[in-house]
Amino acid sequence: MKIERLNADSRKNLLEDLLKRSPNQYGQYEDRVKEILETVKVQKDQALFRYTKEFDGAEVNRETIRVTDAEIEEAYRQIDQELLAVIRKALHNIESYHAKQMQYSWFDSKPNGTLLGQKVTALERVGVYVPGGKAVYPSSVLMNIMPAKVAGVDEIIMVTPPDRNGKVNPTTLVAAKEAGADVIYKVGGAQAIGALAYGTESIPKVDKIVGPGNIYVALAKKSVYGHVSIDSIAGPSEILVIADETANPRYVAADLLSQAEHDELASAILVTTSEELAGQVLKEIEEFLPSLSRRAILERSLENYGHILLADTLEDAIAIANEIASEHLEIITADPYQVMTKIRNAGAIFIGEYSSEPLGDYFAGPNHILPTNGTAKFFSPLSVDDFLKKSSVISYSREALEAVHQDIEKFAESEQLTAHANSVRVRFESKE
């Protein structure tokens, strides 16, 4: 990680560097992912069992692929009770936040006999992907499931890779039970996405798949889009901090490291107007590293995708932040709320020195499943909206249609769609 001046060249290099992390840049994996998906589509359970053995080293079959009530009860006995209390507190905050997002059907009737409206309906069945592998993510369980529960989804199916003994981490199971998953299957990777998209003898087809995963999961979701809906194609984690001379360098350093530890492709960027702060943050990072458990990952992440940029003005810092459109954006300046009003593109915005990014990851309530790789320019965090669909409602009386039928016919005929025009005209033939 090095300090560099923010200018046209460094800006260009930075944006090109970050683009390399996009799932769209991993074409070499696409053929393998498509092969897995096609095999699951054709061979169904047989393929799931084989791939789970190949990739996760676990033996599963029709009887064991589904997590049982006994396994969940065992997980409750194993989990730390203080952690369970924290999960329940976090779940309450997540539910309260997402409840405010709920939308409802509406109808607008007029005296002339017209009724227009929108019918809001929850999806019937959704699939939730929860990663395994390098770390356990019960927080992602809560963030994926709770918006679906608030929306009123009928059936929530969770998939997550098992360990070599065919077990799912007890904390993950407890989080899923607390959040309201209806059924949990021990399968991960692209094969799990295929099962949710196409259905197998054990796992039913869903309407939508949500949740982050590795590159194989991301590419699989991209490939099955259209067979089912998806939330987004998640890339590696990222954080950008806008800070001025008032920021505490130790806090800034700790926050940058909090995201860099996710994996080697994670990005951590500081944009500051203070050269002194930049140097202090770099020093603090170097002091933190020896004591952190994922030091090797941190060092590779910071070497490849860590940046400290010196901006001439706060406006320049805001401009590059909007261009990068980071998954997580922290604002630690003298007037962070003023800066926040100028932010157009960010997945989640953290304001002030006591609003560190992990607050959003675990506890505050807003969803931590966020747009990455610049997609915050057009995507939003996972929300209740992701689990709702809307149907337009239209009702006209004869009198209301009579007043406008000639306008409709003229419009249709201008497009040479005479059957459209006729569909309206026949209702008034007796008057012509």
Partner residues of [X] under the side chain to side chain donor-acceptor pair (under 3.5 Å) criterion, sequence neighbours left out:
X	value
Tyr362	none
Asp45	Thr200, Ser202
Thr313	Asp316

Report task. Quick one: list whatever passes ring-ring contact (aromatic ring centres under 6.0 Å, His included) with Phe49, sequence neighbours left out. Result ->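 With sequence neighbours excluded, Phe49 shows a ring-ring contact (aromatic ring centres under 6.0 Å, His included) to no residue whatsoever.
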Requested in this report: Mind checking ring-ring contact (aromatic ring centres under 6.0 Å, His included) for Tyr396 and listing every partner two or more places apart, or none if nothing turns up?
Outcome: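 If we apply the ring-ring contact (aromatic ring centres under 6.0 Å, His included) test to Tyr396, skipping adjacent residues, there are no hits.
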Report task. Using the test salt bridge (charged side-chain N to carboxylate O under 4.0 Å, His left out), find all partners of Arg250 that sit at least two apart in sequence or belong to another chain. Result ->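 Salt bridge (charged side-chain N to carboxylate O under 4.0 Å, His left out) list for Arg250, sorted by chain: Glu284.
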**Report entry** Contacts of type salt bridge (charged side-chain N to carboxylate O under 4.0 Å, His left out), residue Glu287, not counting sequence neighbours
**Finding:**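 Checked Glu287 against salt bridge (charged side-chain N to carboxylate O under 4.0 Å, His left out); zero matches.
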Query raised in the report: Do other residues, nucleotides or ligands put more than 12 heavy atoms under 6.0 Å from the CZ atom of Phe378?
Result: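 Counting neighbours around CZ of Phe378, more than 12 heavy atoms of other residues, nucleotides or ligands fall under 6.0 Å, so yes.
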Sort and list the pairs that fulfil side-chain hydrogen bond (donor to acceptor under 3.5 Å, both in side chains) and have at least one residue in [range], not counting sequence neighbours.
range	answer
residues 173-189	Glu71-Lys186, Tyr76-Glu178, Arg88-Glu178
residues 91-100	His98-Asn367
residues 144-159	Arg125-Glu155

Report task. For Ile408, enumerate each residue passing the side-chain contact (heavy atoms from CB on, under 4.5 Å) test, keeping only those at least two apart in sequence or located in another chain. Result ->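 Ile408 satisfies side-chain contact (heavy atoms from CB on, under 4.5 Å) with Leu401, Val404, Val424 only.
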Report task. Go through the structure and list residues passing side-chain contact (heavy atoms from CB on, under 4.5 Å) with Lys205, not counting sequence neighbours. Result ->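 By the side-chain contact (heavy atoms from CB on, under 4.5 Å) rule, Lys205 matches Val228.
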Query raised in the report: Would you call Pro290 and Arg295 a side-chain contact if the rule is heavy atoms closer than 4.5 Å?
Result: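 Yes, side chains in contact.
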